[in-house]
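Residue indices begin at 1 and follow the sequence shown.
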Amino acid sequence: QVQLVESGGGLVQSGGSLRLSCVASERTFSTYSVGWFRQAPGKEREFVAAIRWSGTGTYYTDSVKGRFTISRDNAKKTAYLQMNSLKPEDTAVYYCNADRTFNALVAGQGLGSWGQGTQVTVSS
């Protein structure tokens with residue numbers, strides 16, 4: 001299992017942008033699909049976006065389509081989540097996770113341990 005560390009969160013006004021980073025310490029990062037998830041206060045963790053190990057396929061939850069973009073740089077062992085047109089309902093702790101099975105990642109099933117995440121707060 002690859003270990004990941006999230007960063008890049010912060011406080012932003014509605015309509016603003018942030019870019020989150022997810023950095024791995026293992027070279028095997030390039031063989032894993034990566035997903036971003038979020039958990040708002042009082043709610044369960046939910047899937048946001050995922051990208052295949054090769055970077056050639058992505059998938060988004062409906063609420064972020066057209067606003068968020070997931071990408072990766074395997075040479076840097078890093079995945080990104082570019083978040084534009086942020087809304088107050090995007091406020092949450094954002095986590096990344098990795099799995100060799102893309103569909104399992106999208107379903108959020110059987111994933112490895114979670115990091116501390118990075119807080120995103122969008123003010124209205």
| query | Minimum heavy-atom separation for Leu111 to Ala104, with atom names? | reply | CD2-O, 4.2 Å

| field | Common cluster, Val2/Leu105, ILVMFWY with side-chain heavy-atom separation under 4.5 Å | value | no

| Between Gln13 and Leu86, is any pair of side-chain heavy atoms under 4.5 Å apart? | no

| message | Would you call the rings of Phe68 and Tyr94 parallel, tilted or perpendicular, taking 30° and 60° as the class edges? | response | tilted

| task | Please list, chain by chain and in numerical order, all residues satisfying side chain to side chain donor-acceptor pair (under 3.5 Å) with Lys65, sequence neighbours excluded. | result | Asp62

| message | Under 4.5 Å between side-chain heavy atoms, counting indirect links through other Ile/Leu/Val/Met/Phe/Trp/Tyr residues: same cluster for Ile70 and Phe37 or not? | response | no

| request: Drop me the distance from Lys77's NZ to Ser30's OG, to the nearest 0.5 angstrom. | output: 10.0 Å

| Common cluster, Trp114/Leu81, ILVMFWY with side-chain heavy-atom separation under 4.5 Å | no

| Which atoms form the tightest heavy-atom contact between Phe29 and Val34, and what is the distance? | CE1-CG2, 3.5 Å

| request: Kindly determine whether Gln116 and Tyr95 satisfy side-chain contact (heavy atoms from CB on, under 4.5 Å), including the steps that lead there. | output: CA-CA 7 Å; Gln116 293 189 334; Tyr95 303 87; 6.0 Å; no

Enumerate donor-acceptor pairs with a distance under 3.5 Å from any side-chain N or O in residues 45-59 to protein atoms, sequence neighbours excluded.
residue: Glu46; atom: OE2; partner: Arg38; partner atom: NE; Å: 2.7
residue: Glu46; atom: OE2; partner: Arg38; partner atom: NH2; Å: 3.3
residue: Ser54; atom: OG; partner: Thr56; partner atom: N; Å: 3.4
residue: Ser54; atom: OG; partner: Thr56; partner atom: OG1; Å: 2.7

| query | Residues in side chain to side chain donor-acceptor pair (under 3.5 Å) with Glu89, at least two apart? | reply | none

Atom pairs and distances, donor-acceptor, side-chain atoms in residues 117-124, under 3.5 Å, two or more places apart:
residue: Thr118; atom: OG1; partner: Gly9; partner atom: N; Å: 2.9
residue: Gln119; atom: NE2; partner: Ala92; partner atom: O; Å: 3.4
residue: Gln119; atom: NE2; partner: Thr121; partner atom: OG1; Å: 3.3

| Sequence neighbours excluded - side chain to side chain donor-acceptor pair (under 3.5 Å) pairs with any residue from residues 96-109 | Thr31-Arg100, Tyr32-Arg100

| field | Side chain proximity check, Asp73 to Tyr80, heavy atoms < 4.5 angstrom | value | yes

Enumerate donor-acceptor pairs with a distance under 3.5 Å from any side-chain N or O in residues 16-28 to protein atoms, sequence neighbours excluded.
residue: Ser17; atom: OG; partner: Asn84; partner atom: OD1; Å: 2.9
residue: Glu26; atom: OE1; partner: Gln3; partner atom: N; Å: 3.1
residue: Glu26; atom: OE2; partner: Gln3; partner atom: N; Å: 3.4

